[in-house]
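Read through the structure below, which is laid out as structure tokens, and then see the notes.
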Amino acid sequence: MAETPDTASQLARGEERGKRAERLWARAMTAIILALVGLVVFTSAHWGWHPPSQLETIDPTSLHQSGEFSEGNLGTLIAPDGSAVVRVVAQQYAFVPSCVLVPAGVPVTMRVASADVVHGFLIQGTNVNAMVVPGYVTTVRTSFPESGEHLMPCHEFCSVGHQGMWARVRVVDAAKFPSADAKVKGVSCAG
Ligand code: CUA
């Protein structure tokens with residue numbers, strides 16, 4: 001069939017409409033991507049999100065025997081500058097210690113290692129929310145402005161006992177914190 005001037009102009013119109021739609025979609029996609037990137041930047045800056053930072057490795061099979069995560073080291077140690085370092089082992093189906101004691105109003109570094117499978121932990125009412133992958137040390141920095149108690153459940157399904165795996169975080173006045181022991185041996189509120 002020969003192209004009459006009529007069909008030619010119809011084709012041109014169709015092409016123009018197609019291009020317009022394409023431009024519209026391209027603009028919409030760019031706007032969505034920019035909005036999502038903006039959202040990530042905003043939440044990171046505003047809520048103190050922690051991207052995964054598991055660069056430190058550790059042998060999960062010998063955690064308890066020696067080194068940083070041996071029994072006497074677990075719990076909270078106060079550094080010379082007054083900040084707190086909390087060491088916790090996550091294992092099926094408990095956190096050790098099961099009650100973490102921290103002073104209020106000081107920088108707290110949580111260091112958590114798994115002795116078996118992947119666990120997760122979050123501290124309710126705070127920005128702490130991380131995964132604990134065997135073989136790596138999960139480090140999260142936070143602080144607790146007020147004294148009180150927070151729940152710290154495992155939020156990564158880790159087999160049949162998962163729902164019973166949780167700990168507490170007890171925040172006490174920095175003045176009431178048992179700092180004498182905390183320089184040599186980790187302290188906790190686990191009974
Ligand atoms: Cu540990 Cu779920």
Side-chain angles (χ1 to χ4, degrees), residues 36 39-40 43-44 46-79 83-172 177-178 181-182 185-191:
L36 290 176
L39 192 68
V40 169
T43 45
S44 308
H46 186 68
W47 299 106
W49 271 12
H50 301 284
S53 60
Q54 295 165 324
L55 302 171
E56 262 178 275
T57 56
I58 192 163
D59 180 4
T61 57
S62 58
L63 273 187
H64 310 77
Q65 284 147 32
S66 63
E68 186 181 348
F69 290 89
S70 59
E71 208 185 333
N73 245 348
L74 297 182
T76 307
L77 279 144
I78 303 296
S83 66
V85 180
V86 181
R87 291 188 177 83
V88 176
V89 167
Q91 59 190 32
Q92 288 169 317
Y93 298 101
F95 291 100
V96 185
S98 61
C99 181
V100 170
L101 190 66
V102 289
V106 306
V108 175
T109 303
M110 311 270 311
R111 288 175 61 80
V112 188
S114 167
D116 38 50
V117 300
V118 178
H119 298 278
F121 78 108
L122 68 83
I123 303 178
Q124 285 179 344
T126 74
N127 62 344
V128 177
N129 182 342
M131 284 180 57
V132 190
V133 180
Y136 295 89
V137 179
T138 298
T139 304
V140 180
R141 287 178 187 84
T142 188
S143 67
F144 300 87
E146 283 164 30
S147 52
E149 280 215 359
H150 302 264
L151 279 180
M152 186 174 99
C154 174
H155 64 42
E156 190 66 39
F157 182 74
C158 52
S159 192
V160 292
H162 162 70
Q163 78 280 3
M165 180 170 174
W166 57 276
R168 279 172 300 147
V169 175
R170 185 174 298 158
V171 186
V172 297
F177 197 82
D181 321 347
K185 194 172 179 298
V187 296
S188 77
C189 42

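The figures that follow rest on heavy atoms only: side chains count, while hydrogens, waters and symmetry mates do not. Nothing fancy with the numbering, it's 1 onward along the sequence. Indexing begins at 1, ligand by ligand and atom by atom, following the structure's order. The structure displayed is predicted, hence computed values, not measured ones.
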Exercise. If you round to the nearest 0.5 Å, how far is OG1 of Thr61 from CG of Asp116?
Worked result: 11.5 Å
For this session: Give every protein N, O or S atom lying under 2.8 Å from atom 1 (Cu) of ligand 1, naming each by residue and atom.
Result: His119 ND1, Cys154 SG, Cys158 SG, Met165 SD
Seminar exercise, completed: Contacts of Arg168 meeting salt bridge (charged side-chain N to carboxylate O under 4.0 Å, His left out) (sequence neighbours excluded), chain-then-number -> Glu149
For this session: Would you name the heavy atoms of Phe95 and Pro153 that are closest together and state the gap between them?
Result: CE1-C, 4.1 Å
Exercise. Closest heavy-atom contact between Val132 and Ala113?
Worked result: CG1-C, 3.6 Å
Problem set entry | Ser188 to Cys99 - nearest heavy-atom pair and separation | CB-O, 3.3 Å
Exercise. How many angstroms lie between atom NE2 of His162 and atom NE2 of His155, to the nearest 0.5 angstrom?
Worked result: 9.5 Å
